[in-house]
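Letters go in sequence order (proteins before strands), and every chain restarts at 1. Hydrogens, waters and symmetry mates play no part in the numbers below; they use all other heavy atoms, side chains included.
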Amino acid sequence: MALSRLSLRSTTFLKPSSLRRHVTTDTTPITIETAAPFTSHQCDPPSRSVETSSAEILSFFRDMARMRRMEIAADSLYKSKLIRGFCHLYDGQEALAVGMEAGITKKDAIITSYRDHCTFLGRGGELVDAFSELMGRMRGCSNGKGGSMHFYKKDACFYGGHGIVGAQIPLGCGLAFAQKYSKEENVSFVLYGDGAANQGQLFEALNIAALWDLPAILVCENNHYGMGTATWRSAKSPAYFKRGDYVPGLKVDGMDVLAVKQACKFAKEHALKNGPIILEMDTYRYHGHSMSDPGSTYRTRDEVSGVRQVRDPIERVRKLLLSHDIATEKELKDMEKEVRKEVDDAVAQAKESPVPEASELFTNMYVKDCGVESFGADRKELKVTLA
Amino acid sequence: MWGILRRSAVDGGGFSASSLRRTRSALVSARSYASGSKEMTVRDALNSAIDEEMSADPKVFVMGEEVGQYQGAYKITKGLLEKYGPERVYDTPITEAGFTGIGVGAAYAGLKPVVEFMTFNFSMQAIDHIINSAAKSNYMSAGQINVPIVFRGPNGAAAGVGAQHSQCYAAWYASVPGLKVLAPYSAEDARGLLKAAIRDPDPVVFLENELLYGESFPISEEALDSSFCLPIGKAKIEREGKDVTITTFSKMVGFALKAAEKLAEEGISAEVINLRSIRPLDRATINASVRKTSRLVTVEEGFPQHGVCAEICASVVEESFSYLDAPVERIAGADVPMPYAANLERLALPQVEDIVRAAKRACYRSK
């Protein structure tokens, strides 16, 4: 596996920035083995050798670093009460969002739960739109009307952002239905957690997906805790990739971005030919279930720090980049500094953006309003005819 | 291509083309449907509506239990599988939560599902998808994700089907912003409202009535046209009157019309309003009528507490208080789960004599 030497060139690899960077843009294919093999159910697993490139691995590092920084910034904003309500953070699980994007296209659909900030970013969402939405500003991706759990990006086939555990699963199978109905050669990735894996509607939807050969890929983001309940306390069989019974499944190291890429690529090919497949991504979240959960009543601090030391997805990619001479330590540190600045700038910009106008209370109820009336708390004071 | 020209005649400038308006006022003043015209059952009206909309728009598809091979549990979808094939008409397993969610997801992606609940009692298994996945999406996504879906099926009491199969869901669904809730009475209502619902870009709950399926109504040439649509949010004055307003929907419209005949024999002229649309509620028509008659009897089949009648009463008290000459009267289903025994079931549902009695009370004429 000879790799091309690091070549120093200036590049527009990043978004246009005023700082010149000398990082590789080498897209020569290279092959890297995943750290662990795939375990499969009712199918042959994909190869452990993943096709990638130096530029791609570097992009993984940057994208994951950006996601990590975003979630940490959200933590601070929540503690300063600029973000209200629920805030479910994804730090630790970045390899999933980033690896998935590398294996699919923006015409493939993704739908997920309330832990959606990084998925939104992966689909091409902007940091400032994410922070604005979290802080309830008009600039937010849902004009401030959705909040943390309701990010969407329809032009990139990202269908949210759902607050009801498990509801996104039949919805995602419906997206796959539409793709098949419209004869598109695209698939739908339906993300859910180990907590949602026990939902009846999952089995209802999976039955229909298998019966009708829908191109649905069910992705169980197994971070081992459904809120505060560990998998061994909630599932009689925590082999989530096998629970589809007649539906094939694959167990994947969800902290290995290359493994995630390979699995998603494999699943897409499978689903287009053979219908649904389940991917179980073994992953971990550093934060608690949400910002209201310290995450320490049901797991030890040692467990969390242990995962961080041994399995952190960003550190793994850093080691890969260093050991393959794709980047130097300094370059990676500089990249992290840039990302930090990007995030800080986006937060500052979001803080400046205005809250929605009061009239926004009544917008987007319907596409076709047909003269519907709507009322405020005091209907004699506030009554609106939706035009 | 398919029906675009006809479609624009309906969509341009609102649903009412001027010819429709003329015909409707003719209908209203004649206090009957066009004479010498055809008759159509509600069942055939619904079937033809779905058929025409499927023909006009390839994105429209039908999904539900027994809608295909069985020809529909109540035969509403009869013949559609044969005509359009299994890629447009889907028989589902008995898994409401699953298939309703799939329907909503398909609507997210731009298709136009017509999801049948064998009865709306079973919609409770899927109610999270109707409310949280469908009704609220356009709002939560600030307009990115609209949901052009229709949830249809029989609602309310049938005959002797017991407590778990007899509930009316009009009040529950109509309380949710983001949904549209329609309830046809006649064959014309069934055709016009279902076609409007299927074309509508928002989620529509379409509440039919099993006992009306077999009833025949006169139907005009206009209503038989494939471009025929009724506006959503507009009630219909089925019978004009000047002494008391009776509002209701679905099967109770027939009862209210019979009550109006009985009242006419006693010199009370009742105006009967067929709501057609529970959300949006046509408060303007209701209040205009009450301002004319000064008295209101509001009728529904469902449970009385927090019902559609309560909303109408509140609306009239808020907007037309000084016009009322008598307290608002409510006639609703009894405040009990539906019993099976025929005599008890009869007591649990509004009857014509209940509506007559309430109207007389409103007119200060007891007995």
Side-chain angles (χ1 to χ4, degrees), chain A residues 109 111 140-147 149-155 157 159-164 167-179 181-182 188 199-209 211-212 214 360 363-374 379-380 386, chain B residues 14-15 58-59 61 63 87-88 90 92-111 113 126 128-129 132-133 135-148 177-180 196 199-203 231-234 277 279-281 283-284 318:
Chain A
I111 193 168
C141 47
S142 301
N143 292 358
K145 284 160 76 164
M149 299 184 283
H150 305 297
F151 286 13
Y152 305 83
K153 197 174 189 340
K154 191 168 179 185
D155 59 14
C157 298
Y159 289 90
H162 292 270
I164 307 295
Q168 74 272 25
I169 300 167
L171 295 172
C173 292
L175 297 173
F177 176 95
Q179 287 166 328
Y181 187 100
S182 310
S188 294
Q199 279 259 316
Q201 58 186 321
L202 185 159
F203 298 95
E204 293 190 14
L206 193 61
N207 176 49
I208 292 178
L211 213 48
W212 297 351
L214 304 181
E360 289 293 322
T363 58
N364 305 126
M365 200 99 65
Y366 301 107
V367 174
K368 191 167 201 159
D369 291 319
C370 52
V372 175
E373 292 168 318
S374 193
R379 55 209 290 147
K380 300 217 161 142
L386 308 179
Chain B
F15 282 111
K59 293 196 168 151
F61 70 94
M63 184 161 78
E87 303 212 329
R88 303 285 300 281
Y90 291 83
T92 63
I94 309 172
T95 53
E96 276 78 4
F99 72 69
T100 306
I102 285 178
V104 175
Y108 282 1
L111 296 185
D128 178 63
H129 282 299
N132 280 322
S133 306
K136 299 177 184 172
S137 280
N138 200 52
Y139 191 85
M140 289 193 295
S141 69
Q144 272 188 80
I145 314 276
N146 73 304
V147 192
L179 281 183
K180 292 173 179 167
R199 295 183 195 187
D200 200 280
D202 297 308
I232 292 179
K234 289 272 166 284
S277 180
R279 176 179 267 268
L281 192 60
R283 295 190 177 86
E318 283 161 356

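- The OG atom of S142(A) sits 6.0 Å away from the CD atom of Q144(B) when rounded to the nearest 0.5 Å.
- The residue among I164(A), N207(A), I169(A) with the most heavy atom pairs within less than 4.5 Å of chain B is I164(A).
- Among G146(A), G160(A), A167(A), the residue making the largest number of heavy-atom pairs under 4.5 Å with chain B is A167(A).
- Distance alone, capped at 3.5 Å, places no donor-acceptor pair between the Q201(A) side chain and the A97(B) backbone.
- Aromatic ring centres of Y152(A) and Y108(B) lie farther apart than the 6.0 Å criterion allows.
- By number of non-hydrogen pairs under 4.5 angstrom with chain A, the leading residue of P203(B), P201(B), S277(B) is P201(B).
- Options S133(B), A284(B), G98(B) differ in how many heavy-atom pairs under 4.5 Å they form with chain A, and the most are formed by G98(B).
- No close placement of the Y139(B) and Y366(A) rings is indicated, their centers lying 6.0 Å or farther apart.
- F177(A) is listed as a side-chain neighbour of F61(B), based on a closest heavy-atom distance under 4.5 Å.
- Of the two parts of L211(A), only the side chain, counted from C-beta on, holds a non-hydrogen atom closer than 4.5 Å to a non-hydrogen atom of chain B.
- Note on K380(A) versus E318(B): no salt bridge recorded, every NZ/NE/NH1/NH2 to OD/OE distance being 4.0 Å or above.
- In this structure, N138(B) CG and M365(A) CE are separated by 10.0 Å, a value rounded to the nearest 0.5 Å.
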Stepwise side-chain contact (heavy atoms from CB on, under 4.5 Å) check, W212(A) with T92(B): CA-CA 10 Å; W212(A) 297 351; T92(B) 63; 3.9 Å; yes
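- For the atom pair R88(B) CZ and Y181(A) OH, the distance stands at 4.0 Å (nearest 0.5 Å).
- Here the side chain of E204(A) pairs no donor or acceptor atom with the backbone of I94(B) at under 3.5 angstrom.
- With values rounded to the nearest 0.5 angstrom, I208(A) atom CD1 is found 4.0 Å from T95(B) atom OG1.
- No side-chain donor-acceptor contact under 3.5 Å links N364(A) to the backbone of S141(B).
- The part of K59(B) that comes within reach of chain A is its backbone (N, CA, C, O), which places non-hydrogen atoms under 4.5 angstrom from that chain.
- Within the 4.5 Å cutoff, side-chain heavy atoms of K180(B) are placed close to those of K368(A).
- P170(A) is not listed as a side-chain neighbour of T100(B), based on a closest heavy-atom distance of 4.5 Å or more.
- Contact of the E373(A) side chain with the R283(B) side chain is registered, since non-hydrogen atoms from C-beta on lie closer than 4.5 Å.
- Of the inter-residue distances, the one linking I102(B) atom CD1 with L175(A) atom CG reads 10.5 Å to the nearest 0.5 angstrom.
- For S188(A), no part lies near chain B; criterion is any non-hydrogen pair under 4.5 Å.
- E360(A) touches chain B through its backbone: at least one of N, CA, C or O sits under 4.5 Å from a heavy atom, while the side chain does not.
- To the nearest 0.5 angstrom, N132(B) atom CG is 10.5 Å from L171(A) atom CG.
- For H162(A), the part lying under 4.5 angstrom from a heavy atom of chain B is the side chain only.
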